Amino acid sequence: MAQLKDIVPKHPKDPAALLDVVRDVQAAFGHVSEAAIGRIAEHLGLSEAEVRGAVTFYHFFSLAPRGASTVYLNDSITSRMKGRTAVARAFEEEAGCRFGEVSADGAIGLFPTSCIGMNDQEPSAIVDGVVFTSLTPDRARAIVRGLRSGTPAREQVGPLGDGANQSDLVRAMVVNNIRERGPVLFGAHERGAAVRKAVAMAPDQVIEEIKKAGLLGRGGAGFPTGLKWEFCRREKSPRRFVVCNGDEGEPGTFKDRVILTELAPLLFEGMTVAGYAIGAERGILYLRSEYAYLRDHLESVLAGFRQDGLLGRHIAGKDFDFDIVIKSGAGAYICGEESALLESAEGKRGEPRDRPPFPVQKGYLDEPTTVNNVETLAAAARIIVEGAAWFKAMGTPQSAGTKLLSVSGDCERPGVYEVAYGLTVADLLEKAGGAGAKAVQVGGPSGTCVPPAGFGRRICFSDLATGGSIIVFGPDRDIFEIVENFMDFFVEESCGWCVPCRAGNVLLKKTFEKIVKGKGTEADLRDLETWGQMIKCTSRCGLGQTSPNPILTTLKGFPELYEARIRKGEAFVPAIDLEAAIRVGCAAANRQPECKESLYD
Amino acid sequence: MTETDIRFTIDGQACLAKPGQTIYEAAKANGVYIPVLCHFDGLKPVGSCRICTVRVAGRYMAACTQPVTEGMAVENAVPDLEDMRKALIEMLFVEGNHFCPSCEKSGNCELQALAYRYQVMVPRFPYLWPVRTVDAGTPLIMLDRNRCIQCLRCVRGVRAKDGRKVFAMVERGAHLTVEVDRKLAARLSEEEAREAMDLCPVGAILRKETGFAVPIGKRKYDHAPIGSAVEKGTGR
């Protein structure tokens with residue numbers, strides 16, 4: 001049995017080690033006890049309240065025991081569409097507890113979790129760190145029975161997925177579902193070619209090439225990558241960092257998972273090229289906790305790079321030193337926001353920072369830092385090899401190159417597609433086999449719900465910008481159920497720092513629910529719109545600024561659905577059920593209100 | 001005006017700022033009141049309440065964290081922004097449990113004072129009536145989370161002698177709440193406890209064993225609305 005006194009002192013006496021200590025304690029004991037809080041606080045020189053603050057911020061850390069084995073079942077809308085309800089019931093029946101609880105014998109804990117990046121193979125779950133995909137009720141029962149009879153989750157894996165998922169270091173059921181290979185990410189690439197070519201150029205030339213290529217950030221925000229590198233390089237500082245944002249948490253996106261699985265060398269080359277361009281010696285891959293199963297694989301790719309002189313000292317024989325470390329998240333969508341990611345990488349609660357200063361000025365450890373998406377860095381490596389003109393010739397004038405899309409939902413061929421920017425939603429539906437779709441969610445919950453009338457719109461930065469999440473909704477889907485799932489997601493994942501995002505989204509969702517229940521008025525409908533806009537305008541970071549989109553974009557795309565639910569002509573309909581509200585009081589007093597009629601006037 | 005002064009405008013009024021000043025600081029120095037709630041002079045601004053939201057070239061930003069730049073045209077007391085601010089105040093009222101008549105901070109409370117200034121009658125939002133707890137487990141102070149507005153002032157401003165934070169935020173989203181470190185709080189001096197209470201803009205941190213010490217008529221906001229001192233150019 002692991003002991004606190006063996007785990008905690010292994011870590012440096014540095015507050016930056018907080019999340020690493022907590023992760024080890026959580027892994028060893030299934031929770032972080034009061035005794036552990038005290039010991040960690042003392043070791044790191046923090047207050048106990050601060051340690052508790054970090055533990056309670058992340059979904060995969062817990063103050064209360066989460067069972068000898070813990071099941072985290074994905075709660076994304078696609079998971080629900082693919083049979084989550086029956087799978088959840090099977091888990092509950094077999095475990096003998098509800099979701100959010102631990103079984104009486106302490107053996108099994110069941111918890112819901114936000115999208116784990118397996119939307120093309122739902123329902124999926126993470127059981128003791130092991131990913132199970134395409135779950136059925138029978139499989140769910142078998143997993144719980146196996147855990148109870150002493151068969152660990154990792155021994156229950158199977159059948160294995162394709163590609164590197166089958167390797168000894170991964171051994172995952174995950175399938176890549178690569179449906180379309182484009183020339184940028186999946187083009188033939190000679191290992192190390194990008195790094196060797198970059199270090200033969202001047203750093204300014206590397207930046208110039210990326211600028212000329214017109215590479216825009218692939219995470220969704222679309223900031224010009226070359227410009228970001230230039231800003232970072234210009235900052236006067238002896239130390240700079242390259243950070244790769246491997247925290248794709250937008251429900252429905254899983255394309256970075258495929259890159260990390262199959263194209264890790266290209267990504268690490270991209271990070272090295274960025275390091276050379278900005279003058280950094282250290283790169284950090286911030287890997288979302290849900291992808292921890294890829295860590296050994298990624299570490300081995302890094303080890304191979306070091307062996308071949310592509311990382312370490314004097315890279316490719318030049319006067320350039322660079323190395324990459326991996327840091328893990330712990331379950332928080334907000335950490336995909338670059339400044340929150342930096343806070344988390346520094347061992348703190350993943351709360352966004354105020355800007356300015358921007359990360360290129362003061363990023364990791366307050367040093368100039370370029371934070372780039374996984375796909376952006378991989379594309380940058382390819383641009384260095386093939387040249388800016390080659391890249392710029394693909395896509396549209398404003399949106400150069402290709403985009404890796406994660407397609408899931410009601411379609412025959414879910415998976416990743418590397419396509420040139422500018423293709424229409426209809427083109428994509430054709431490729432993926434999504435005929436008859438009622439709507440397509442482009443960009444995940446924070447993006448746009450596109451109705452059939454908009455299927456001619458193009459996927460590119462000037463029309464439908466997306467980090468890559470595309471969810472197809474078939475003709476029988478209930479738009480309101482989708483919106484509710486998305487709003488629940490934002491309420492769950494808001495960090496709570498600022499008022500409009502923390503309180504506003506709860507209030508917005510309440511009014512939305514009132515309308516869905518058939519108790520809404522025209523005034524409520526107007527409130528949805530104005531409150532939504534207010535939250536967008538006043539929120540502090542991208543999460544809050546996009547969180548009302550599920551409601552706002554469906555109000556725009558499907559106004560008739562909302563119109564049909566409201567009570568036209570009624571000035572006021574109370575949100576609460578007055579009769580139900582006074583029932584307990586009436587029973588206690590053993591009498592009914594005498595003025596019952598007037599209550600409803 | 002000196003050579004390094006930055007010229008900018010607030011609602012068309014010409015103003016001057018020192019390099020590095022935030023919009024809020026520069027406005028105040030020019031006698032223009034931009035309402036703030038989470039902000040406290042001397043503490044690092046955090047932009048959490050968003051009540052100081054202003055608009056520059058169509059973009060919304062928190063005046064407490066945004067530095068002034070040359071030629072900036074700041075929109076401040078315009079109807080739609082003022083309504084957003086009022087909405088944020090209302091959000092805070094429905095998000096917590098604020099019963100002014102029974103609160104020791106009444107008359108000295110910045111949230112209440114802002115509600116008066118913005119003439120909040122009935123919130124436009126439904127009340128959430130959250131179940132929140134009171135922590136009276138430290139010798140000198142009582143923490144009433146019903147009234148907490150998560151402004152982070154105590155988190156930023158109250159430190160133990162060795163620099164450790166006495167208050168910290170726990171949980172996230174709608175469950176975000178403030179926690180007091182029992183061990184560190186037990187070592188606070190009488191004066192530090194008083195300072196912690198004064199730092200709190202609402203009645204969430206209270207000094208134990210005393211209450212309603214200042215009579216009605218002598219409280220901070222009994223005679224003039226919050227912000228009046230800035231507008232008169234006499235500071236806050």
Side-chain angles (χ1 to χ4, degrees), chain A residues 15 38 41 44-59 63 332 334 349-357 490-508 510-511 514 527 530-531 533-541 544-545 574-576, chain B residues 37-38 44-51 53 55 59-62 64-67 80-81 83-85 87-92 94-96 123-126 128 149-152 155 159-160 162-185:
Chain A
L44 301 178
L46 293 167
S47 67
E48 293 185 7
E50 263 183 290
V51 175
R52 227 171 266 123
V55 173
T56 54
F57 187 84
Y58 295 95
H59 190 65
L63 296 174
I334 186 64
R349 288 165 63 88
E351 293 159 329
R353 298 175 179 173
D354 290 299
R355 277 143 297 180
F490 285 122
V491 167
E492 166 70 26
E493 297 294 338
S494 164
C495 78
W497 185 284
C498 75
V499 177
C501 180
R502 179 182 72 229
N505 281 316
V506 174
L507 297 164
L508 195 61
K510 242 180 138 59
T511 300
K514 187 186 173 200
D527 284 345
T530 46
W531 298 359
Q533 291 299 342
M534 202 182 299
I535 293 166
K536 280 174 86 92
C537 292
T538 56
S539 285
R540 183 164 172 262
C541 81
Q545 288 157 10
I576 58 163
Chain B
L37 188 48
C38 65
K44 183 179 184 271
V46 290
S48 78
C49 75
R50 314 308 286 177
I51 284 163
T53 297
R55 188 168 48 215
R59 294 185 54 135
Y60 296 81
M61 47 190 74
C64 73
T65 59
Q66 188 74 32
D80 66 329
L81 283 176
D83 186 55
M84 283 187 194
R85 292 165 176 173
L88 291 167
I89 295 163
E90 291 172 15
M91 278 184 198
L92 286 169
V94 302
E95 183 201 30
R124 70 196 75 181
F125 306 109
L128 296 175
I149 55 167
Q150 290 88 11
C151 69
L152 308 167
V155 174
R159 301 271 183 154
D162 59 5
R164 283 188 282 175
K165 290 179 178 172
V166 178
F167 293 89
M169 301 314 289
V170 295
E171 303 288 344
R172 71 183 187 198
H175 304 291
L176 183 76
T177 184
V178 68
E179 176 151 317
V180 58
D181 191 292
R182 297 259 183 101
K183 285 182 190 159
L184 298 182

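Per chain, numbering begins at 1; letters A, B, ... match sequence-line order. Computed from a predicted structure; not experimentally measured.
Expressed to the nearest 0.5 Å, how far SG of A:C498 lies from CD of B:Q150 amounts to 11.5 Å. Distance CD/B:E95 to CZ/A:R502: 4.0 Å, rounded to 0.5 Å. The CG atom of A:L44 sits 10.5 Å away from the CZ atom of B:R164 when rounded to the nearest 0.5 Å.
Contact check for A:M534 versus B:R50: no side-chain heavy atoms found under the 4.5 Å cut-off. Two residues are said to be in side-chain contact when any heavy atoms from C-beta on lie closer than 4.5 Å; A:S47 and B:V166 fail this criterion. Residues B:P126 and A:L507 have side chains in contact (heavy-atom distance under 4.5 Å, counting atoms from C-beta outward). Side-chain contact between B:V170 and A:V55: absent, with no pair of heavy atoms (C-beta onward) separated by less than 4.5 Å.
For B:A174, the parts sitting under 4.5 Å from any heavy atom of chain A are the backbone and the side chain alike. For chain A, the nearby part of B:L184 is the side chain; its heavy atoms alone come within less than 4.5 Å. Contacts between B:I51 and chain A at a heavy-atom distance below 4.5 Å are absent for every atom of the residue. B:V46 touches chain A through backbone and side chain together, each having a heavy atom under 4.5 Å away. Both the backbone and the side chain of B:E179 come within contact range of chain A, each with at least one heavy atom under 4.5 Å from a heavy atom of that chain. Heavy atoms closer than 4.5 Å to chain A are found nowhere in B:L81, neither backbone nor side chain.
Scanning both residues, B:G47 and A:R540, for their nearest heavy atoms gives O-CD, 3.2 Å. Taking every heavy atom of both residues into account, B:L176 and A:W497 meet most closely at CD2-N, 4.3 Å. A:W531 and B:R124 make their closest contact through CZ2-O, 3.5 Å (heavy atoms, listed as atom of the first residue, atom of the second, distance).
With sequence neighbours left out, B:Q66 forms a side-chain hydrogen bond (donor to acceptor under 3.5 Å, both in side chains) with no residue at all. Applying the side-chain hydrogen bond (donor to acceptor under 3.5 Å, both in side chains) test to B:D181 and every residue at least two apart in sequence or in another chain returns nothing.
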